[in-house]
There are 2 protein chains.
Amino acid sequence: MPDRSTYAAAEADSITSALDVIGDRWSLLVLRGVFRGLHRFGELRDDLGIASNLLTTRLCRLVDAGVLEKVPYQERPVRHEYRLTAAGRDLSPVLVALMQWGDVHRNQDGPRTTLVHTDCNAPIENLNRCTDCGASIDAHEIRSAESVRPEDT
Amino acid sequence: MPDRSTYAAAEADSITSALDVIGDRWSLLVLRGVFRGLHRFGELRDDLGIASNLLTTRLCRLVDAGVLEKVPYQERPVRHEYRLTAAGRDLSPVLVALMQWGDVHRNQDGPRTTLVHTDCNAPIENLNRCTDCGASIDAHEIRSAESVRPEDT
DNA sequence: ATCAGTCAGTTGCATTTTGCAACCAACCCT
DNA sequence: AGGGTTGGTTGCAAAATGCAACTGACTGAT
């Protein structure tokens with residue numbers, strides 16, 4: 001019988017609903033482009049190499065989800081660009097966590113990515129942290145609030 | 001002309017290669033299951049509602065990628081279960097970041113997820129942190145090490 | 001020794017999503 | 001009038017996914 005008490009039965013819905021928005025092959029790459037400063041249709045299409053019909057559907061989906069917003073940058077003809085909303089900016093930990101994992105585990109021969117804090121010029125890391133003791137937390141120090149015993153994993 | 005100087009041109013390869021492993025509809029959900037303590041084929045299939053042919057291909061891919069490993073739990077017939085490798089455990093920030101985002105932005109009426117630190121019983125958060133000053137970092141305080149100016153986003 | 005049941009898949013086929021290339025519409029500039 | 005730029009749409013082929021039925025290796029009960 002499975003031990004579902006550890007590491008959150010409840011997380012199901014949050015992760016699933018997050019993946020409903022960004023859980024396909026392109027959405028996170030589109031968002032990465034916007035984070036990097038690409039805001040227009042053609043910029044994103046050329047940078048990602050995505051087919052334009054797919055970019056259209058992805059941008060619409062992300063706008064509908066409240067992650068991006070269309071803002072006009074000219075009239076006649078009306079042209080829009082795509083910018084992050086607050087919800088979109090809140091996805092930065094996801095991108096940084098993915099990037100960090102890829103750096104360490106998948107891209108060992110390629111160039112290391114270095115994102116830095118604008119204030120300090122020091123590298124950024126992504127981690128899980130305890131809101132009480134402030135310690136950074138490894139996978140096996142996590143459990144769901146409902147459970148009592150940690151699991152060996 | 002796009003301003004690609006901000007937020008990392010170099011991150012492309014790391015994020016893309018990470019998404020090569022976990023960038024489809026099911027892989028992260030499979031990993032979430034394993035984090036939750038589901039280690040066997042049937043447990044994962046029943047919990048996720050995934051078709052068994054897809055679960056087969058996902059598990060094989062994750063094993064090939066070094067994220068999961070097959071360990072035999074019985075002989076006659078040989079049966080394996082799937083466990084996280086160190087690389088797999090290192091994906092926990094990605095799952096926690098996604099979960100946290102889903103909690104805040106997608107799942108506002110559903111039950112809140114509460115993952116806690118085993119030592120403290122206090123909730124866990126995921127964030128980007130400066131390795132120098134230790135401050136948690138918001139999206140617009142990030143830039144690529146190659147660039148000089150931050151961008152307005 | 002046969003029979004039902006479990007577990008971990010495999011196979012075949014329908015449906016959905018993605019990828020590619022060509023085309024379109026509004027506008028500008030010469 | 002003709003060409004260029006931007007931001008798409010359309011049609012069709014290819015690939016991924018979903019569903020349901022089936023298999024193979026075993027166990028344990030009759």
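Fair warning: this is a prediction, and the values are worked out from it, not measured in the lab. Each chain gets a letter, A, B and so on, in the order its sequence line appears, and its residues count up from 1.
For the pair Tyr82(B) and dG9(C), the criterion of a side-chain N or O lying under 4.0 Å from OP1 or OP2 is met. Distances shown here put every side-chain N or O of Trp26(B) at or beyond 4.0 Å from the OP1 or OP2 atom of dA16(D). For the OP1/OP2 pair of dT5(D) and a distance below 4.0 Å, the side-chain nitrogens and oxygens of Arg79(A) include no atom meeting the criterion.
Cation-pi geometry between Arg40(B) and Tyr82(B) is not met at under 6.0 angstrom from the ring centre and within 45 degrees of the axis.
Contact annotation: side chain of Thr56(A) to base of dT9(D), donor-acceptor pair absent below 3.5 Å.
Proximity note for Lys70(A) (side chain, C-beta onward) versus dA16(D), dG8(D), dG7(D): the nearest is dG8(D). With dG18(D), dG7(D), dC7(C) as the candidates, the nucleotide lying closest to the side chain of Tyr73(B) is dC7(C). For Ala51(A), taking side-chain heavy atoms from C-beta onward, the closest of the listed nucleotides dA16(D), dC20(C), dC27(C) is dC20(C). Comparing dC27(C), dA8(C), dC26(D) by their closest approach to the side chain of Pro77(A) singles out dC27(C).
Between Leu54(A) atom CG and dT17(C) atom P the separation is 12 Å, expressed in whole Å. Rounded to whole Å, the distance from CZ on Arg45(B) to P on dC19(D) is 14 Å. Summarising the geometry, the separation between CG on Leu19(B) and C1' on dA16(D) is reported as 17 Å, rounded to the nearest angstrom. Between Asn53(A) atom CG and dC12(D) atom P there is a gap of 14 Å when expressed in whole angstrom units. Separating the CG atom of Leu38(A) from the C1' atom of dT6(D) is a distance of 16 Å, rounded to the nearest angstrom. For the pair Ile50(B) CD1 and dC19(D) P, the interatomic distance rounds to 11 Å; values are reported in whole Å. Distance CZ (Phe41(A)) to C1' (dT6(D)): 10 Å, rounded to an integer number of Å. The distance from atom CZ of Arg25(A) to atom P of dC20(C) is 13 Å, rounded to the nearest whole Å.
There is a side-chain donor-acceptor pair under 3.5 Å between Asn128(A) and Ser92(B). When only modelled atom types and interatomic distance are considered, Asp24(B) and Ser27(B) share a side-chain donor-acceptor pair under 3.5 Å. Counted by atom type alone, Asn53(A) and Arg58(A) present zero donor-acceptor pairs between their side chains at under 3.5 Å.
The residue among Ser52(B) and Arg58(B) whose nearest nucleotide of DNA chain D lies closer to the 5′ end is Arg58(B). Comparing Asp24(A) and Val78(A) along DNA chain C, the residue whose closest nucleotide (by nearest heavy atom) sits nearer the 5' end is Asp24(A).
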Passes side chain to side chain donor-acceptor pair (under 3.5 Å), Asp90(B) versus His105(A)? Steps please.
-> CA-CA 9 Å; Asp90(B) 283 352; His105(A) 294 288; 2.6 Å; yes
